[in-house]
Amino acid sequence: MEHRVVGRSNLGVQQPVVVIDVMRAFTTAAWAFARGTERIVLAGSEADARDLKQRHPDWPAAKDGAPSPGFDLVNSPVMMAEQDLAGRTLILTTTSGTAGAHRAAAAPLVLCASFVVAGATARFLRSRGASRVMYLATGDDGRADEDRACAEYIGRCLDGGEPAVEPFLRRARASDAAAELAEGVRRGYRGIHPDDAEFCLDADRFSFAMTAAREGGLLVLRPVRTT
């Protein structure tokens, strides 16, 4: 098995790409699916998300940072876990994760991942017979150690066996992003739920992977059961 973790890249590749945003986009997305969301439209920017919301006012919309007009939710796994989203389409736009998914969209297979779906992501890739995988770390311009730790954990799971997750979680807990979230701050915005960090470190909570693909001109994320 060949694994490669990258940060910024044009991703002109012919192999599966796993886009990783542990804190918090793809933890928030996983919780949205757990709360019944049917699909998540990954918007490339806040402007795109607002446009989608105007055209589909019944679709809840979430974004990074402070609440603002045109958005119903913020990018918070704790907040998402409190929602009833059965059968809904969610719009999600974030600074790192959804932007990374758009950069990877031309790959033959795109998965979005965080620790909460890490094992399931590895199982899905194994079921597809993947022999070469690229991991796109999105946080902090690709330098986020929590994303790189998650990528390495998925790679170990994909290589076989049952690797201990705690060493990878220790790296994530020591990250700058985890420290900010624990203080209720992210990129200067105060008002983050202080439990968001722990939600992001709840490894292998869910048994589905998340695949992203173009549907009618939109980049859509859907859950795929692996058990």
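Please read all numbers here as calculations on a predicted model, not as lab measurements.
- At a threshold of 4.5 Å between non-hydrogen side-chain atoms, the residues Val117 and Leu111 do not count as touching.
- Cluster membership for Met210 and Val41, using ILVMFWY side-chain heavy atoms within less than 4.5 angstrom, is not shared.
- Both Val116 and Phe26 are members of a single hydrophobic cluster when ILVMFWY side chains are connected at heavy-atom separations under 4.5 Å.
- Residue-environment remark: CD (Glu162) stays at or below the threshold of 12 foreign heavy atoms within 6.0 Å.
- Partners of Glu152 under the side-chain hydrogen bond (donor to acceptor under 3.5 Å, both in side chains) rule, at least two apart in sequence or in another chain, are Arg171.
- Of the listed residues (Thr226, Leu158, Thr121), just one forms a side chain to side chain contact (heavy atoms under 4.5 Å, CB included) with Arg126, and that residue is Leu158.
- In this structure, Val19 and Gly97 approach most closely via the heavy-atom pair CG1-O, 4.0 Å.
- Heavy-atom minimum distance, Ala34 versus Phe206: CB-CE2, 3.5 Å.
- Looking at every heavy atom in both residues, Val110 comes nearest to Ala104 through CG2-O, 3.2 Å.
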Side-chain donor-acceptor distances from residues 77-90 under 3.5 Å, at least two apart:
residue	atom	partner	partner atom	Å
Gln83	NE2	Met79	O	3.0
Asp84	OD1	Ala86	N	3.4
Arg88	NH2	Asp58	O	2.7
Thr89	OG1	Arg39	NE	3.2

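- Between the side chain of Ser114 and the backbone N or O of Asp21, no donor-acceptor pair lies under 3.5 Å.
- A side-chain donor from one of Asp64 and Thr95 sits under 3.5 Å from a side-chain acceptor of the other.
- The closest side-chain donor-acceptor pair between Asp196 and Ser76 falls under 3.5 angstrom.
- Thr211 places a side-chain heavy atom less than 4.5 Å from the side chain of Phe124.
- At distances below 3.5 Å, not a single donor-acceptor pair connects side-chain atoms of Arg123 with backbone N or O atoms of Arg225.
- Once rounded to the nearest 0.5 Å, the distance linking NE2 of His56 with CG of Asp51 reads 8.5 Å.
- A continuous path of Ile, Leu, Val, Met, Phe, Trp and Tyr side chains, each step under 4.5 Å between heavy atoms, connects Phe168 with Leu181, placing both in one hydrophobic cluster.
- Each of Phe71 and Leu73 belongs to its own hydrophobic cluster when Ile, Leu, Val, Met, Phe, Trp and Tyr are linked at side-chain heavy-atom distances under 4.5 angstrom.
- Between Arg24 and Glu146 there is no salt bridge, since none of the side-chain N atoms of the basic residue sits less than 4.0 Å from a carboxylate O of the acidic one.
- Aromatic ring pairs are classed by plane angle as parallel below 30°, tilted from 30° to 60° and perpendicular above 60°; the pair Phe208 and Phe33 is perpendicular.
- Here the closest heavy-atom approach between residue Ala120 and residue Ser207 is recorded as CB-C, 3.8 Å.
- Between Leu52 and Leu218, some side-chain heavy-atom pair lies under the 4.5 Å cut-off.
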Item to check | Test log, rule side-chain contact (heavy atoms from CB on, under 4.5 Å), inputs Val18 and Leu125 | outcome: CA-CA 10 Å; Val18 181; Leu125 286 165; 3.9 Å; yes

Item to check | side-chain contact (heavy atoms from CB on, under 4.5 Å) between Trp31 and Arg205, intermediate numbers included | outcome: CA-CA 10 Å; Trp31 269 103; Arg205 182 178 183 91; 3.2 Å; yes

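- When side chains are defined from C-beta on, Cys200 does not count as touching Phe115, because their heavy atoms never get closer than 4.5 Å.
- Linking ILVMFWY residues whenever their side-chain heavy atoms come closer than 4.5 Å, directly or via other members, leaves Trp59 and Leu42 in distinct clusters.
- The side-chain heavy atoms of Arg148 and Ile20, taken from C-beta on, include no pair separated by under 4.5 Å.
- Counted within 6.0 Å of CZ on Arg128, heavy atoms from surrounding residues, nucleotides or ligands total 12 or fewer; the atom is thus considered open.
- Side-chain atoms of His102 and Ser45, non-hydrogen and from C-beta on, never get closer than 4.5 Å to each other.
- Contact between Asp147 and Ala137 at its shortest, heavy atoms only, is CB-CB, 3.8 Å.
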Checklist entry - When you look at Asp48 and Thr93, which way does the side-chain contact (heavy atoms from CB on, under 4.5 Å) test go after all the steps? => result CA-CA 9 Å; Asp48 289 345; Thr93 183; over 6 Å; no

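- Within the 3.5 Å criterion, the main-chain N or O of Glu198 finds no donor-acceptor partner in the side chain of Arg173.
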Item to check | Verdict with supporting geometry, Asn75 and Lys63, side-chain contact (heavy atoms from CB on, under 4.5 Å) | outcome: CA-CA 5 Å; Asn75 177 28; Lys63 62 178 282 291; over 6 Å; no

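- Nearest heavy-atom pair across Gly70 and Ala61 is O-CB, 4.0 Å.
- Between Leu201 atom CG and Glu166 atom CD the span is 9.0 Å, to the nearest 0.5 Å.
- Distance check, rounded to the nearest 0.5 Å: CG of Asp140 to CE of Met23 gives 12.5 Å.
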